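Let me begin by presenting the structure, written as structure tokens, before commenting on it.
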Amino acid sequence: MAAINEVIDLSVEDGVAVITSNHQPVNALSAIVRDGLTAAFEQAFGDPAVQAIVLTCAGRTFFAGADISEFGKPPKGASLHALFDRIEGADKPVVAAIHGTSLGGGFETALVCHYRIAVPSAKVGLPEVKLGLLPGAGGTQRLPRIVGAAKALEMMTGGAPVGAKAGLAMGLVDELVPEGENLRAAGIAFAKRVLAEKRPLRKIRTMSVAGGSPELFAEFRKANAKAFRGFEAPEAIIQCVEAAATLPFDEGQAAERRLFMGLVQGVQSQAQRYMFFSERAAAKIDGLPEGTAVRPVKKVGIIGAGTMGGGIAMNFLNRGIPVTIVETQQAALDRGVATIRKNYENTAAKGRMTQDDVEKRMGLLTPTLDLNALADVDLVIEAVFENMAIKKELFAKLDAIVKPGAVLASNTSYLDVNEIASATKRPQDVVGMHFFSPANVMKLLEVVRGAKTAPDVLATAMEVGKQIGKVAVVAGVCHGFIGNRMLAQRQAQANALILEGALPWDVDRVAFDFGWPMGPFQMSDLAGLDIGWSKETSKGATIRERLCEQDRRGQKTGAGFYDYDAKRNRSNSALVEKLILDFAAEKGIQRRQIDDQEILERLVYPMINEGAKILSEGIAQRASDIDVVWIYGYGWPVYRGGPMFYADTVGAAKVVAALQKHAPRLGEGFAIAPLLRELAQAGKRFTG
Ligand code: NAD
């Protein structure tokens with residue numbers, strides 16, 4: 001083999017040139033790869049001894065995609081577009097031999113080749129939408145020419161890859177190479193067959209698009225309006241496929257180029273690329289000794305089979321990890337187990353799980369009323385009532401029961417993990433594992449590092465999170481940790497706004513338009529207004545208490561801040577409006593007109609301010625961790641990149657100015673975070 005450069009090799013065997021990329025870890029199409037490929041193809045095209053070319057990759061995968069670290073930077077290296085034009089326009093057949101995951105630019109590279117062969121385990125797809133982009137190297141023009149407009153829309157706006165077998169059925173792959181067979185040799189053999197049979201060069205650009213009627217696009221937009229709300233990339237992709245269906249290839253590609261440039265320079269894609277890196281960065285724990293080993297977790301104990309305990313248990317059962325779940329009352333235990341079963345049965349009814357899968361999972365669950373049954377588990381997660389005395393009593397008992405070396409975790413939402421740990425003689429083994437509701441669905445896990453939490457216990461909690469498919473973020477001890485501490489700021493402002501002049505539906509509309517799935521009052525109605533409320537102690541001191549006193553306790557009672565019909569459709573409530581106006585009058589509050597801009601600034605900027613404090617206090621390791629918490633735990637719109645990234649797009653100076661303007665209304669003791677002030681003065685950002 002002859003090296004073209006550090007990462008690209010070229011060899012010729014029996015008249016077939018094999019061009020191999022070896023750019024670890026995933027053969028990203030970095031400048032050095034594009035340079036090498038350009039030179040290698042020129043050499044192969046110019047060599048009269050070469051009749052056909054096979055393009056393949058060493059290592060674990062065919063080109064996995066573009067090098068996203070190059071996005072938004074000044075261009076360098078050979079142009080991918082020029083290389084693609086050369087390959088597709090060649091007069092010698094080019095065969096892509098695919099293994100691993102050929103995604104994005106990687107799959108677009110395969111699409112300019114005249115033929116594609118793949119091992120059955122290979123996956124192909126165009127997931128650029130997940131980074132707020134579109135497949136901008138001709139992907140939007142070529143994919144519909146193979147699979148038709150409808151399938152192409154679905155694949156590119158959804159971003160999910162397809163397996164090689166499905167790819168074969170759809171025409172994305174021409175032939176499967178049995179697993180274990182030498183892919184390079186199979187590529188050479190395939191190329192020779194193409195030559196021997198004198199097969200024509202298959203240039204996708206010359207094909208036409210099936211099924212691209214105006215009705216298809218209109219229906220697709222309508223059917224997906226909810227899922228695509230706020231995102232720019234899906235609409236740009238639809239426009240590209242429309243162009244593919246109606247324009248000659250070169251004009252379609254020009255449209256694709258224009259739309260791609262708009263996206264790549266826009267805030268949404270920057271935000272989504274930032275989140276891609278932020279999610280990976282969250283797994284890194286500051287100050288952890290290199291090579292800290294994690295404790296094995298093969299058996300889990302969960303205490304409390306309520307809303308959270310049941311959901312948490314499902315995460316482990318889904319991964320085949322046995323769970324012992326403990327309650328104090330048989331009825332509560334039965335109810336909890338029945339809920340878990342019902343969730344699985346529902347999934348099975350939708351065809352997303354077999355009945356066998358349901359039974360397998362339920363078979364791994366041991367319900368009990370005996371805490372002693374946790375003696376031999378490797379990890380305990382406590383999810384009982386949010387009450388310090390109860391939790392401390394429980395941890396003291398656990399200390400006496402559970403084997404040494406087990407990790408003792410609490411799912412507390414707000415409480416001091418250090419105090420909980422102090423109830424044991426092994427505070428080094430205690431950690432917070434804060435899940436989000438519904439715990440079997442929500443991706444976020446806040447791992448709360450106590451003052452005495454041992455490094456390997458912290459690492460174990462993070463690793464467990466990863467194993468059960470969560471995005472784990474380290475938080476320090478404070479009231480509400482990262483997420484709920486910031487949420488309290490938003491809630492306080494929402495409550496203040498409805499007294500000062502706005503109505504719940506005004507606040508919720510602004511929050512929804514910003515991109516949250518629902519506003520604070522809709523969220524309260526969903527969760528139930530009576531969390532922590534009791535009839536006996538209620539003093540009618542807040543709007544919420546007054547609603548509860550009228551048995552308007554949220555969706556479950558058919559009324560809360562809103563009225564609900566039998567199908568839980570919401571409508572604004574004249575009664576609630578009057579209740580709010582009366583309450584304000586009683587408190588001597590002069591109501592005024594509040595515009596949407598003020599609502600938005602007051603919902604979001606105090607959160608940013610709190611985020612800055614959380615960062616300065618070391619509660620969060622890095623600004624991007626705060627953003628990960630908000631994206632995965634609270635439905636913050638990913639295209640705005642989380643509160644700290646959003647602050648950077650607004651500019652710290654503007655945030656400070658608005659907070660100063662609103663300060664008299666932001667509550668007693670409100671203070672602008674010194675870090676936020678510093679950034680504003682220096683014109684700096686929270687995120688890199
Ligand atoms: P829940 O009331 O639905 O469930 C608590 C369960 O614990 C009940 O079934 C109760 O019978 C049981 N229990 C109480 N004391 C017990 C004991 N000593 N031994 C065994 N079982 C006992 O409450 P939840 O919403 O699941 O919340 C549980 C914990 O999770 C709380 O600390 C809460 O702050 C936290 N949390 C809740 C949410 C949420 O959205 N609900 C989110 C994150 C964290």
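The shown structure was predicted, so the numbers you read here are calculated from the model rather than taken from an experiment. Computed over heavy atoms, backbone and side chain alike; hydrogens, waters and symmetry mates excluded. Remember, it's 1-based here, ligands and their atoms both numbered in the order they're listed.
Considering each of Ile303, Ile325, Val384, the one bringing a non-hydrogen atom nearest atom 15 (N) of ligand 1 is Val384. Counting heavy atoms only, Met308 comes closest to atom 39 (C) of ligand 1 of the residues Glu446, Glu382, Met308, Arg335. Counting only non-hydrogen atoms, the option in Leu333, Val326, Thr328 that gets closest to atom 18 (N) of ligand 1 is Thr328. Taking only non-hydrogen atoms, the option from Ile302, Thr307, Ile390 nearest to atom 3 (O) of ligand 1 is Thr307.
Using a cutoff of 4.0 Å between basic side-chain nitrogens and carboxylate oxygens, Arg553 and Asp551 are scored as salt-bridged. Electrostatic pairing of Glu359 and Arg341 counts as a salt bridge here, judged by a charged N lying under 4.0 Å from a carboxylate O.
Between Thr412 and the options Lys391, Met433, His434, a side-chain contact (heavy atoms from CB on, under 4.5 Å) holds for only Lys391. The residue from Arg544, Lys556, Arg552 that alone fulfils the side chain to side chain donor-acceptor pair (under 3.5 Å) condition with Asp530 is Lys556. None of Asp378, Val464, Thr460 except one satisfies the side-chain contact (heavy atoms from CB on, under 4.5 Å) rule with Arg295; the exception is Thr460.
Near Ser413, meaning under 4.0 Å from any of its heavy atoms, are these atoms of ligand 1: 33 (C), 34 (O), 35 (C), 36 (N), 37 (C), 43 (C), 44 (C). Every atom of ligand 1 with a heavy atom of Lys391 under 4.0 Å away is listed here by number and element: 31 (C), 32 (O). Close approach of ligand 1 to Gly306 (heavy-atom distance below 4.0 Å) involves ligand atoms 3 (O), 4 (O), 6 (C), 9 (O), 26 (O). Residue His434 has at least one heavy-atom neighbour below 4.0 Å for each of these atoms of ligand 1: 43 (C), 44 (C).
Summary of contacts: the protein heavy atom closest to atom 5 (C) of ligand 1 is Ala383 O, 3.7 Å. Counting protein heavy atoms only, atom 40 (O) of ligand 1 is closest to Ser437 CB, 3.3 Å. Of all protein heavy atoms, the one lying nearest to atom 9 (O) of ligand 1 is Glu327 OE2, 2.5 Å. Here the protein heavy atom with the shortest distance to atom 2 (O) of ligand 1 is Phe385 CE2, 3.4 Å.
Only the backbone of Phe435 comes within 4.0 Å of ligand 1, judged by heavy-atom distances.
Ligand 1 has an N or O atom lying under 3.5 Å from an N or O atom of Asn411, backbone or side chain.
Inspection of the Thr354 and Asp357 side chains reveals an N or O donor paired with an N or O acceptor under 3.5 Å. Of the N and O atoms on the side chains of Asp648 and Thr687, at least one donor lies less than 3.5 Å from an acceptor on the other residue. No side-chain N or O of Gln493 forms a donor-acceptor pair with one of Gln489 less than 3.5 Å apart.
Trp636 and Tyr634 have their aromatic ring centers separated by at least 6.0 angstrom.
For atom 36 (N) of ligand 1, a protein heavy-atom neighbour is present inside the 4.0 Å cut-off.
In this structure, Arg485 forms no cation-pi arrangement with Phe481, as its terminal cationic atom is not both closer than 6.0 Å to the ring centre and no more than 45° off the ring axis.
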